[in-house]
Amino acid sequence: MGVMEILVSTLEAVPGYRVAQVLGVVKGSTVRSKHLGKDLLAGLRTLVGGELPEYTEMLQEAREVAEARMLEEARRLGAHAVLGVRYATASVMQGAAEILVYGTAVRLEPARER
C-alpha cells in the first residue's frame, strides 16, 4: 500500500494482513438536491417509468463526496484502511437526499506466516 493510499473495503479483514490497531469509526456525508429544471424533467420521466438519470448522477456524485470526506477523516487518523464500509441514504426533504458512508479506520501490518 502506498503512503497516502487508503484501502476501502466492505470486508472485515484484508487477506495477508492483520489489524494492528483500530482507530475508530470514520464517516462522511453530504446532502444533495437537484436543480429545479432537472427535477421537473425527472418528475415527467416517472410517468413513463425507467431510470432517472438526473438522480442517478446526483447520487453518484454525492457518494463520491461522502467517501472523500470519510477518507480525509481516516487520513487524519493515520489509517491504512477503512473496513466494513457501508453506505446509507435518507430523504431529507422533497428532492433532497443525504448520503452517509462509514466504516472502521484501522492500521494494518503483514500477517505472520506460521
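In this chain, numbering begins with 1 at the start of the sequence shown.
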**Q** Residues in side chain to side chain donor-acceptor pair (under 3.5 Å) with Gln60, at least two apart?
**A**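 Listed in chain order: Arg63, Glu64.
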**Q** Transitively linked via ILVMFWY side-chain contacts under 4.5 Å: Leu7 with Val106?
**A**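 Yes, because Leu7 and Val106 connect within a single hydrophobic cluster, where side-chain heavy atoms sit under 4.5 Å apart.
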**Q** Roughly how far apart are Arg69 CZ and Lys27 NZ, rounded to 0.5 Å?
**A**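 Output value for this atom pair is 13.0 Å.
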**Q** Rounded to the nearest 0.5 Å, what separation is found between the CD atom of Glu61 and the CD atom of Glu57?
**A**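 Reported value, rounded in 0.5 Å steps: 4.5 Å.
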**Q** From His80 NE2 over to Glu5 CD, what is the distance, rounded to the nearest 0.5 angstrom?
**A**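 Answer rounded to 0.5 Å: 11.5 Å.
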**Q** Verify the cluster assignment for Leu71 and Leu23: are they in a single hydrophobic cluster under the rule of side-chain heavy atoms below 4.5 Å apart?
**A**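 Yes; tracing contacts between hydrophobic side chains, which count when under 4.5 Å, links both residues.
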**Q** Under the salt bridge (charged side-chain N to carboxylate O under 4.0 Å, His left out) test, which residues partner Arg107, sequence neighbours left out?
**A**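 With sequence neighbours excluded, Arg107 shows a salt bridge (charged side-chain N to carboxylate O under 4.0 Å, His left out) to no residue whatsoever.
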**Q** Counting C-beta onward and ignoring hydrogens, is there a side-chain heavy-atom pair between Leu108 and Gln21 closer than 4.5 Å?
**A**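 No, side chains not in contact.
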**Q** Flag yes if Ile6 and Met70 sit in one hydrophobic cluster, no otherwise; membership is Ile, Leu, Val, Met, Phe, Trp, Tyr, and two members link when side-chain heavy atoms are under 4.5 Å apart.
**A**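 Same hydrophobic cluster.
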**Q** What is the minimum heavy-atom distance between Glu73 and Val26, and which atoms define it?
**A**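 In terms of heavy atoms, the two residues are closest at OE2-CA, 3.6 Å.
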**Q** Does the pair Glu72/Arg75 count as a salt bridge with the N-to-O cut at 4.0 Å?
**A**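 The answer is yes: the pair qualifies as a salt bridge.
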**Q** Which heavy atom in Leu77 sits nearest to a heavy atom in Ala105, and how many Å separate them?
**A**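 In this case the closest contact between Leu77 and Ala105 is CD1-CB, 4.3 Å.
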**Q** Considering all heavy atoms of both residues, which atom of Ser29 and which atom of Leu100 are nearest to each other, and what is their separation?
**A**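 So the two residues come closest at CB-CD1, 4.0 Å.
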**Q** Side-chain heavy atoms nearer than 4.5 Å, only ILVMFWY residues, links allowed to pass through others: does that put Tyr102 and Val82 together?
**A**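 No; Val82 is not reachable from Tyr102 via cluster members.
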**Q** Do you know which of Val19, Thr10, Val8, Val22 makes side chain to side chain contact (heavy atoms under 4.5 Å, CB included) with Leu83?
**A**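 Among Val19, Thr10, Val8, Val22, the one that satisfies the side chain to side chain contact (heavy atoms under 4.5 Å, CB included) with Leu83 is Val19.
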